[in-house]
Enquirer: 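Quick one: the structure is below, and I'll ask about it shortly.
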Amino acid sequence: QVQLVESGGGSVQSGGSLRLSCAASGDTSASNCMGWFRQAPGKEREGVAAIDVNGITSYADSVKGRFTISQDNAKNTLYLQMNSLKPEDTARYYCAAAGSYFPGSDYCWLEDGSFGYLGQGTQVTVSS
């Protein structure tokens, strides 16, 4: 079992920045891939970013160049630095663990359902 606790959400204006954190505990040794998902009201959950144990990252096209995923293995903590935020980034953001690799690649699969654990989420609201 893996427990995930997100923090760092809040309300910002368009163009602002936020840094999300995710504290992981439990049996994290099997989590080759960790990531962030988000879900806006009335929309399906979508993958935002992922990182594997070697630091290889993958991003959704909508956040490339603006968001950066990172991890501190010593602290079992995952981060998501979000810059140049837009109103369309408004969503509840979820930390995810125990993900899998995209078949035939070294990149973590950003597909909903490809991770074994999700946290409770933290709300991010971006106003125009």
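Being a predicted model, the structure only gives us computed values, none of them experimental. Start at 1 with the first residue, then count along the sequence.
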Enquirer: Is Arg19 close enough and on-axis enough to Tyr79, meaning under 6.0 Å and within 45°, for cation-pi?
Expert: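 Yes, Arg19 sits over the ring of Tyr79.
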Enquirer: For residues Met34 and Ala24, report the shortest heavy-atom separation together with the two atoms involved.
Expert: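 Scanning both residues completely, I find the closest heavy atoms to be CE-CB, 4.2 Å.
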Enquirer: Can you give each donor-acceptor pair under 3.5 Å made by side-chain atoms of residues 119-128, sequence neighbours left out, with the distance rounded to 0.1 Å?
Expert:
residue: Thr122; atom: OG1; partner: Gly9; partner atom: N; Å: 3.2
residue: Gln123; atom: NE2; partner: Ala91; partner atom: O; Å: 3.4
residue: Ser127; atom: OG; partner: Val12; partner atom: O; Å: 3.4

Enquirer: Measure across Ile69 and Tyr59 and return the closest heavy-atom pair with its distance rounded to 0.1 Å.
Expert: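 Closest heavy-atom pair between Ile69 and Tyr59: N-OH, 2.9 Å.
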Enquirer: Show the numbers, then the answer: is there a side-chain contact (heavy atoms from CB on, under 4.5 Å) between Leu118 and Leu4?
Expert: CA-CA 7 Å; Leu118 281 181; Leu4 304 168; 5.6 Å; no
Enquirer: Nearest 0.5 angstrom please: Trp36 CH2 to Cys22 SG, how far?
Expert: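 Going from the CH2 atom of Trp36 to the SG atom of Cys22 covers 5.0 Å.
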Enquirer: Might you point out which heavy atoms bring Leu18 and Gly8 nearest each other, and give the distance in Å?
Expert: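 Shortest heavy-atom separation between Leu18 and Gly8 comes out as CD2-O, 3.8 Å.
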Enquirer: With a 3.5 Å distance limit and no angle check, can you tell me whether Glu6 reaches the backbone of Cys95 through a side-chain donor-acceptor pair?
Expert: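 Checked: pair present.
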Enquirer: Yes or no on side-chain contact (heavy atoms from CB on, under 4.5 Å) for Leu80 and Val48, after CA distance, side-chain angles and deciding distance?
Expert: CA-CA 9 Å; Leu80 185 68; Val48 175; 4.2 Å; yes
Enquirer: How many angstroms lie between atom CZ of Arg66 and atom CE of Met82, to the nearest 0.5 angstrom?
Expert: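 Those atoms lie 9.5 Å apart.
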Enquirer: Between Ser17 and Asn83, does any side-chain donor sit less than 3.5 Å from a side-chain acceptor?
Expert: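 Yes, a side-chain donor-acceptor pair sits under 3.5 Å.
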Enquirer: Mind checking the CG-CD1 spacing from Asn73 to Ile51? Nearest 0.5 Å is all I need.
Expert: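 That separation rounds to 8.0 Å.
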Enquirer: Parallel, tilted or perpendicular: which describes the rings of Trp109 and Phe102, with under 30° parallel and over 60° perpendicular?
Expert: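 Perpendicular, since the angle between the ring planes exceeds 60°.
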Enquirer: Identify the heavy atoms of Gln1 and Tyr117 that sit nearest to each other, and give their distance.
Expert: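 Between these two residues, the closest heavy atoms are CA-OH, 3.5 Å.
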Enquirer: Name the residue from Ser114, Ser58, Ser100 that meets the side-chain contact (heavy atoms from CB on, under 4.5 Å) definition with Cys108.
Expert: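 Option passing the side-chain contact (heavy atoms from CB on, under 4.5 Å) with Cys108: Ser58.
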Enquirer: If we ignore hydrogens and angles and just use 3.5 Å, is the side chain of Asp52 paired with the main-chain N or O of Asn54 as donor and acceptor?
Expert: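 Looks like yes, one N/O pair under 3.5 Å.
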Enquirer: Check step by step if side-chain contact (heavy atoms from CB on, under 4.5 Å) holds for Phe67 and Asp89.
Expert: CA-CA 11 Å; Phe67 291 10; Asp89 294 318; 3.9 Å; yes
Enquirer: With the threshold set at 4.0 Å, does a side-chain nitrogen-carboxylate oxygen contact exist between Lys64 and Asp61?
Expert: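 Yes, charged N to carboxylate O under 4.0 Å.
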Enquirer: Does one hydrophobic cluster hold both Leu20 and Phe37, with members joined at side-chain heavy-atom distances below 4.5 Å?
Expert: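 Hydrophobic grouping puts Leu20 apart from Phe37.
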Enquirer: Is a side-chain donor or acceptor of Ser62 paired with a backbone partner of Ala60 at a separation under 3.5 angstrom?
Expert: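 Looks like no, no N/O pair under 3.5 Å.
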Enquirer: For the atom pair OG1 (Thr90) and NZ (Lys43), what is the distance rounded to the nearest 0.5 Å?
Expert: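 Spacing of OG1 (Thr90) from NZ (Lys43) equals 9.5 Å.
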Enquirer: Just verifying a value: how many Å separate Ser21 OG and Gln81 CD, rounded to the nearest 0.5 Å?
Expert: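 The CD atom of Gln81 is 9.5 Å from OG of Ser21, to the nearest 0.5 Å.
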Enquirer: Using a 6.0 Å cut-off, check whether atom OH of Tyr101 has over 12 heavy atoms from anything other than its own residue.
Expert: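 Above 12, so yes.
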Enquirer: Hey, what do you get for CD1 (Ile56) to SG (Cys33), rounding to the nearest 0.5 Å?
Expert: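 It is 9.0 Å, given to the nearest 0.5 Å.
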Enquirer: Assess whether side-chain contact (heavy atoms from CB on, under 4.5 Å) is satisfied between Glu46 and Arg38, documenting all intermediate values.
Expert: CA-CA 6 Å; Glu46 62 174 351; Arg38 67 184 181 186; 2.7 Å; yes
